[in-house]
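What follows is a set of notes on a single structure, which appears directly below.
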Amino acid sequence: MEYAAISDKGIIREQNEDFWNIVLDNNGNPLAFIIADGMGGHKAGDVASRMAVEIISQEILRGFESVDSSAATKGFLEKAINYANEEIYKYAMQNLQGSGIGTTLTLGFLQNDKITIAHIGDSRFYLIRDGVIKSMTRDHSFVGELVEKGILDQEEAKYHPLRNQITRALGYEKDIQIDFYNIDVKNGDMFLFCTDGLTVKVSADELLNMLEEEKDLNDILKNMVELANQRGGDDNITAIIVKI
């Protein structure tokens, strides 16, 4: 397995509110891949994304050895994510006079030739298999829901004035709803976890073309970021590539 990650603040934003981690076991093997895109701006969106990734990473390391089935995996991840949600919500109440901060979360947990995806918000998980790229997650956003209903197409969604308005976030409210997906891992698969700073600027077909190039994964990621920045770079850009 090969993997690489990148995070760039883009051209317009003053700070990077994205956060990511690749959780490794004691032997250096990857257990989980996590990306988070903080919301809240000066109110500490970067705190929300960092807290989410750090807390969930710690919980995975603390308990992954006890997980022995797909059903157990869902409960295990749900507990870790809910704990992170509680801690971020508590932080906002205690330190920001209750001002809402939050973060997207897209997480992939590897176990027994399967990957379990846990997802909140509008970051994405793409599966690349047999020359086809497919987004396996739903965008929990106002614009994403309009696309699902057929009111907007993908091109119109890119330029909609409310494209950054998400309908689900971690840490923003006491109760959260998490989407879970179970996917069998096959030899030759590639996974792409990325925040909307990339997907708003670069189409899925363009991402596929880059991923299929015979290049080092780090170089592919740099090219993705460079293209997003050439097209405005008005958001933070974070991505993780995994090649089986």
Side-chain angles (χ1 to χ4, degrees), residues 1-13 16 18-22 30 32-37 104-108 110 113-115 117 119 121-141 143-144 146-148 150 152-160 163-164 166 179 181 183-244:
M1 186 188 304
E2 298 175 54
Y3 49 88
I6 197 168
S7 192
D8 188 271
K9 75 178 182 65
I11 295 171
I12 306 299
R13 297 287 178 92
N16 193 344
D18 289 356
F19 211 76
W20 65 272
N21 190 29
I22 297 171
F33 307 90
I34 312 173
I35 57 168
D37 178 358
T104 71
L105 175 78
T106 304
L107 176 162
L110 282 170
D113 296 324
K114 291 183 182 294
I115 186 165
I117 306 299
H119 172 70
D122 64 352
S123 297
R124 289 185 187 171
F125 170 78
Y126 286 100
L127 170 66
I128 299 89
R129 177 180 290 169
D130 300 328
V132 177
I133 185 169
K134 184 178 181 182
S135 175
M136 306 300 289
T137 50
R138 292 174 57 233
D139 289 351
H140 300 139
S141 66
V143 167
L146 294 179
V147 171
E148 276 191 7
L152 294 178
D153 61 29
Q154 292 289 353
E155 197 60 29
E156 290 170 326
K158 285 183 184 179
Y159 304 103
H160 196 283
R163 65 184 179 274
N164 293 323
I166 62 176
D179 287 353
Y181 307 87
I183 299 164
D184 291 326
V185 176
K186 296 185 178 180
N187 193 40
D189 282 352
M190 294 183 77
F191 307 140
L192 176 64
F193 300 81
C194 51
T195 58
D196 68 332
L198 181 64
T199 55
V200 166
K201 299 296 183 184
V202 185
S203 72
D205 287 341
E206 289 172 323
L207 293 172
L208 177 62
N209 289 336
M210 292 182 184
L211 288 163
E212 289 190 322
E213 292 178 357
E214 293 296 326
K215 290 184 177 177
D216 180 84
L217 297 184
N218 289 294
D219 291 334
I220 293 172
L221 287 172
K222 287 174 186 173
N223 290 340
M224 288 178 177
V225 167
E226 186 177 329
L227 182 57
N229 280 331
Q230 284 174 0
R231 294 176 176 175
D234 49 13
D235 201 353
N236 309 144
I237 306 154
T238 298
I240 300 174
I241 297 175
V242 184
K243 188 173 183 179
I244 306 299

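From a predicted model like this one, the values you see are computed outputs, not experimental measurements.
- Using a 4.5 Å heavy-atom cutoff, the side chains of L208 and Y126 are not in contact.
- With T195 contributing its side chain and T238 its backbone, the two residues share a donor-acceptor pair below 3.5 Å.
- Residues I241 and M190 are in side-chain contact: their nearest non-hydrogen atoms beyond the backbone lie under 4.5 Å apart.
- Counting only residues at least two apart or on different chains, no salt bridge (charged side-chain N to carboxylate O under 4.0 Å, His left out) pair has a member in residues 218-229.
- Taken to the nearest 0.5 Å, the CG atom of D18 stands 10.5 Å off from the SG atom of C194.
- Of all heavy-atom pairs between G197 and D235, the closest is CA-CB, 3.9 Å.
- Interatomic distance, N229 CG to I11 CD1, rounded to the nearest 0.5 Å: 4.5 Å.
- Here the closest heavy-atom approach between residue V185 and residue K114 is recorded as CG2-C, 3.7 Å.
- How far CG of N236 is from NZ of K9: 8.5 Å, rounded to the nearest 0.5 Å.
- Rounding to the nearest 0.5 Å places CG of L211 at 6.0 Å from CG of L192.
- Across every non-hydrogen atom of V202 and M224, the tightest pair is CG2-O, 4.3 Å.
- The two residues A228 and L198 come nearest to each other via the heavy atoms CB-CD1, 4.3 Å.
- Under the 4.5 Å side-chain criterion, counting only non-hydrogen atoms from C-beta, I22 is not in contact with F193.
- Note: I183 CD1 to M136 CE = 4.0 Å, rounded to the nearest 0.5 Å.
- Counting heavy atoms from C-beta outward, K201 and D234 have side chains that approach closer than 4.5 Å.
- Across all their heavy atoms, K215 and I220 have their closest contact at O-CD1, 3.8 Å.
- Rounding to the nearest 0.5 Å places CD1 of I35 at 12.5 Å from CG of N21.
- Between V242 and I244 there is a side-chain heavy-atom pair separated by less than 4.5 Å.
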Self-check item: H119/H140 under side-chain contact (heavy atoms from CB on, under 4.5 Å): CA gap, chis, key distance, verdict
Solution: CA-CA 9 Å; H119 172 70; H140 300 139; 3.5 Å; yes
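- Tested against Y181, the residues L127, T137, I115 include a single side-chain contact (heavy atoms from CB on, under 4.5 Å) partner, T137.
- Closest approach of L221 and A239 over heavy atoms only: CD2-CB, 3.7 Å.
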Self-check item: side-chain contact (heavy atoms from CB on, under 4.5 Å) between L110 and F33, worked out
Solution: CA-CA 9 Å; L110 282 170; F33 307 90; 3.6 Å; yes
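- When each of L105, T199, D37 is checked for a side-chain contact (heavy atoms from CB on, under 4.5 Å) with S123, only D37 meets the rule.
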